[in-house]
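All values below were derived from every heavy atom in this structure, side-chain atoms included, with hydrogens, water molecules and symmetry-related copies excluded.
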Amino acid sequence: MTREEDHQDVLAFHHRPGAGPTPVVVELWSSTDTRGEYGGDYAVEVRLDGRRVGELTRAMSARYRSLVEVAGPVRCRGVIAYGSRGFRIDLRRPDVA
């Protein structure tokens with residue numbers, strides 16, 4: 001996942017301090033890349049409680065595009081953790097195969 005640095009407030013709100021990594025359920029939505037070299041290209045957006053918290057990388061967006069476009073939004077599990085670069089979500093494979 002990328003662009004988590006833009007959504008630290010949302011991730012911090014959902015993280016339980018002192019409890020270690022916090023399990024969450026997120027949804028994957030069809031979207032577009034927000035900026036950079038691929039700005040405007042297709043991307044899969046990651047939402048937590050309806051709020052954007054990042055997007056899948058270009059390669060992962062391509063991999064899951066058909067699933068998200070056909071079944072979307074797709075739910076998957078994740079874990080919010082805090083490290084040297086701030087909060088991040090480590091995603092697991094979508095629940096829908």
Yes or no on side chain to side chain contact (heavy atoms under 4.5 Å, CB included) for V53 and I89, after CA distance, side-chain angles and deciding distance?
CA-CA 9 Å; V53 292; I89 295 184; 3.8 Å; yes
Assess the residue pair Y82 and H15 against the criterion (ring-ring contact (aromatic ring centres under 6.0 Å, His included)); give the C-alpha distance rounded to whole Å, side-chain angles, the decisive distance to 0.1 Å, and a yes or no.
CA-CA 9 Å; Y82 186 80; H15 184 260; 7.2 Å; no
Go through it in stages, so that I can follow the logic: the residues are Y42 and S30, the test is side chain to side chain donor-acceptor pair (under 3.5 Å), and I'd like the CA-CA distance, side-chain angles, deciding distance and then a yes or no.
CA-CA 7 Å; Y42 180 85; S30 289; 3.0 Å; yes
Go through the steps to decide whether M1 and E55 satisfy the test side chain to side chain contact (heavy atoms under 4.5 Å, CB included), and finish with yes or no.
CA-CA 6 Å; M1 206 170 103; E55 57 196 44; 6.0 Å; no
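V44 and M60 fall within a single hydrophobic cluster, where Ile, Leu, Val, Met, Phe, Trp and Tyr side chains are chained together by heavy-atom contacts under 4.5 Å. In the hydrophobic cluster analysis, where Ile, Leu, Val, Met, Phe, Trp and Tyr join through side-chain heavy atoms closer than 4.5 angstrom, V79 is grouped apart from V26.
Within the 4.5 Å cutoff, the side chain of Y64 has heavy atoms near those of the L56 side chain.
With values rounded to the nearest 0.5 angstrom, C76 atom SG is found 10.0 Å from L67 atom CG. Taken from CD1 in I80 to CG in L11, the straight-line distance is 5.5 Å, to the nearest 0.5 Å. Distance CG/D41 to OG1/T32: 9.0 Å, rounded to 0.5 Å.
The nearest pair of heavy atoms linking F87 to Q8 is N-OE1, 2.7 Å. Closest approach of V25 to L48, counting heavy atoms only: O-CD1, 3.6 Å.
Taking D90 as the reference, R88 meet the salt bridge (charged side-chain N to carboxylate O under 4.0 Å, His left out) condition, with sequence neighbours excluded.
Between the side chain of E45 and the backbone N or O of R52 there is no donor-acceptor pair closer than 3.5 Å.
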